[in-house]
Amino acid sequence: MSKLATILESILFWAGMTLVIFIPLFMKFPLVRIGGSFVSVRTEDVLILLTYLIWAGYLVLSGQIKGFLNDRLNQAFFVFFLIGAISAFSGTFLTHTISVNLGILHLGRRIEILLFLPFFASIVKSKRRAYVLLGTFSIVVLLASLYALGQRFFHFPAVSTTNAELAQGVVYYVQPFGRIISTFAGHYDLAIFLVMGLTIISSVIFYFIQKKNMLYVGWLGFLGALSGVVLVMTAARLSFVAALVGIILALILAGKKKFILLIFVLAALALVYPSQLRDRFVSTFTVNILR
């Protein structure tokens, strides 16, 4: 059983790497339609489910299931899932505002996303695996950002789920004043992904500065700048603010508070430069606040 658990642990690590690559970069084509909604089950949902089933078997065989269930953070996740299940039950059988299929899909999406944290925490147990994970993630951020630029300047195709027509898997091309989505289902999804990337980069870069590995520092600096430019091009206001907060928090936790002023300067320059993001921030003040 111990030998089987070791094999499963290795399989899970590479399954996790596959998900890190596949989920952001694979176009969001529908696989199974859900009645009452234009949201669909996608290929990534099937891969995630299979990975989690193997993970559950690994936790049982390795004897880690008890520690997993007793972990305070995991218990907080379970409470959140329970609240979501109660909400889905209420919407389905009490208020009759949603269908059973739709309630299960929305709850399932939240469960599959949040479980990524304890999943990777249980399989990334060495510095080598952490390097492989971060290196893979950085390449995915690069490819997603380059594809987003390709949509703006070279008419790369896109697949979106922002409305019922596009959610059928229609391939379209972003218009000159449209909002880029890269390989994601919408510009907000791309923006949130870049927020995660920028926050991680702003933390990890100081580790390599301390190690005096300037090759990695240069790589992360380039990747951060590219991600920041693409984030501005998404014109997602809340994600821009989230990136600013996330980076500042990462600097505080890393003990690099002296760089916070530089981040504010860069954010101000991004907002001063003529773009949809600047126009939307201006409209937020002139329309939503003043009126």
Side-chain angles (χ1 to χ4, degrees), residues 8-9 11-26 28 31-32 34 37 39-60 62 64-92 98 100-125 129-130 133-134 136-137 140-141 144 161 183-186 188-200 203 236 238-239 242-243 245-246 249-250 253:
L8 288 179
E9 182 184 18
I11 293 174
L12 284 171
F13 175 73
W14 293 111
M17 293 301 98
T18 301
L19 293 178
V20 169
I21 298 170
F22 185 88
I23 294 175
L25 297 182
F26 186 74
K28 304 305 180 281
L31 185 63
V32 178
I34 301 298
S37 170
V39 179
S40 303
V41 174
R42 301 192 293 255
T43 307
E44 64 197 58
D45 297 314
V46 177
L47 293 178
I48 293 172
L49 176 60
L50 293 175
T51 301
Y52 284 166
L53 290 176
I54 299 174
W55 179 39
Y58 162 72
L59 290 177
V60 173
S62 63
Q64 299 181 35
I65 186 66
K66 185 176 180 180
F68 176 80
L69 295 176
N70 291 332
D71 185 270
R72 291 289 182 88
L73 183 58
N74 292 338
Q75 290 175 356
F77 286 159
F78 296 146
V79 171
F80 179 79
F81 299 154
L82 177 61
I83 294 171
I86 294 173
S87 175
F89 177 85
S90 173
T92 303
I98 61 171
V100 176
N101 292 341
L102 194 59
I104 293 175
L105 176 66
H106 278 283
L107 178 61
R109 280 275 165 83
R110 281 147 183 79
I111 292 174
E112 72 176 5
I113 292 174
L114 281 178
L115 283 182
F116 274 130
L117 177 59
F119 169 71
F120 278 102
S122 69
I123 62 173
V124 181
K125 297 181 177 180
R129 287 189 174 183
L133 173 63
L134 291 173
T136 302
F137 180 73
V140 171
V141 172
T161 62
T183 51
F184 292 83
Y188 287 118
D189 297 341
L190 171 60
I192 292 170
F193 176 75
L194 293 174
V195 169
M196 292 190 295
L198 285 167
T199 305
I200 294 173
S203 304
L238 288 178
S239 296
V245 174
L249 180 59
L253 294 176

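This chain uses plain numbering: 1 for the first residue, then up along the sequence.
To the nearest 0.5 Å, atoms CZ (F26) and CG (L47) are separated by 9.0 Å. Distance check: I123 CD1 to L12 CG gives 6.0 Å after rounding to the nearest 0.5 Å. In this structure, CD1 on I21 lies 7.5 Å from CG on L25, to the nearest 0.5 angstrom. With rounding to the nearest 0.5 angstrom, the CG atom of L133 is 11.0 Å from the CZ atom of R129. For the atom pair CG of L107 and CD1 of I83, the computed distance is 11.5 Å after rounding to the nearest 0.5 Å. Note that CD1 of I98 and OG of S90 are 8.5 Å apart. Values are rounded to the nearest 0.5 Å.
For the pair R110 and F81, the cation-pi criterion (under 6.0 Å, within 45° of the ring axis) is not fulfilled.
Ring planes of F193 and F184: tilted class, angle from 30 to 60°.
Using modelled atom types, one side-chain atom of T18 and one backbone atom of W14 make a donor-acceptor pair closer than 3.5 Å. A donor-acceptor distance shorter than 3.5 angstrom exists from the side chain of K28 to the backbone of T183, with no hydrogens or angles considered.
Contact detail for P118 and F68: the closest heavy-atom pair is CB-CE1, 3.7 Å. In this structure, T92 and A88 approach most closely via the heavy-atom pair OG1-O, 2.8 Å. A pairwise comparison of heavy atoms in G57 and L8 identifies C-CD1, 4.3 Å as the closest pair.
Screening residues 64-82 for side-chain hydrogen bond (donor to acceptor under 3.5 Å, both in side chains) gives Y58-Q64, S62-Q64 as the qualifying pairs, with residues at least two apart or on separate chains.
Not counting sequence neighbours, the partners of I192 by the side-chain contact (heavy atoms from CB on, under 4.5 Å) test are S239. With sequence neighbours excluded, the residues that form a salt bridge (charged side-chain N to carboxylate O under 4.0 Å, His left out) with D45 are R109.
Checked against a 6.0 Å centroid threshold, the rings of F120 and W55 do not count as neighbours.
You'll find the side chain of L69 reaches within 4.5 Å of the side chain of F78, heavy atoms only. Under the 4.5 Å side-chain criterion, counting only non-hydrogen atoms from C-beta, E112 is not in contact with L49. Using a 4.5 Å heavy-atom cutoff, the side chains of L117 and L73 are in contact. A 4.5 Å side-chain heavy-atom check between R42 and T161 finds at least one atom pair inside the cut-off.
Residue I65 qualifies as enclosed at atom CD1: its count of foreign heavy atoms under 6.0 Å is above 12. Heavy atoms from other residues, nucleotides or ligands lying under 6.0 Å from CZ of F80 number 12 at most.
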Practice problem: Dump the intermediate steps for side chain to side chain contact (heavy atoms under 4.5 Å, CB included) on Y52 and I111, then the final yes or no. | Solution: CA-CA 11 Å; Y52 284 166; I111 292 174; 5.7 Å; no
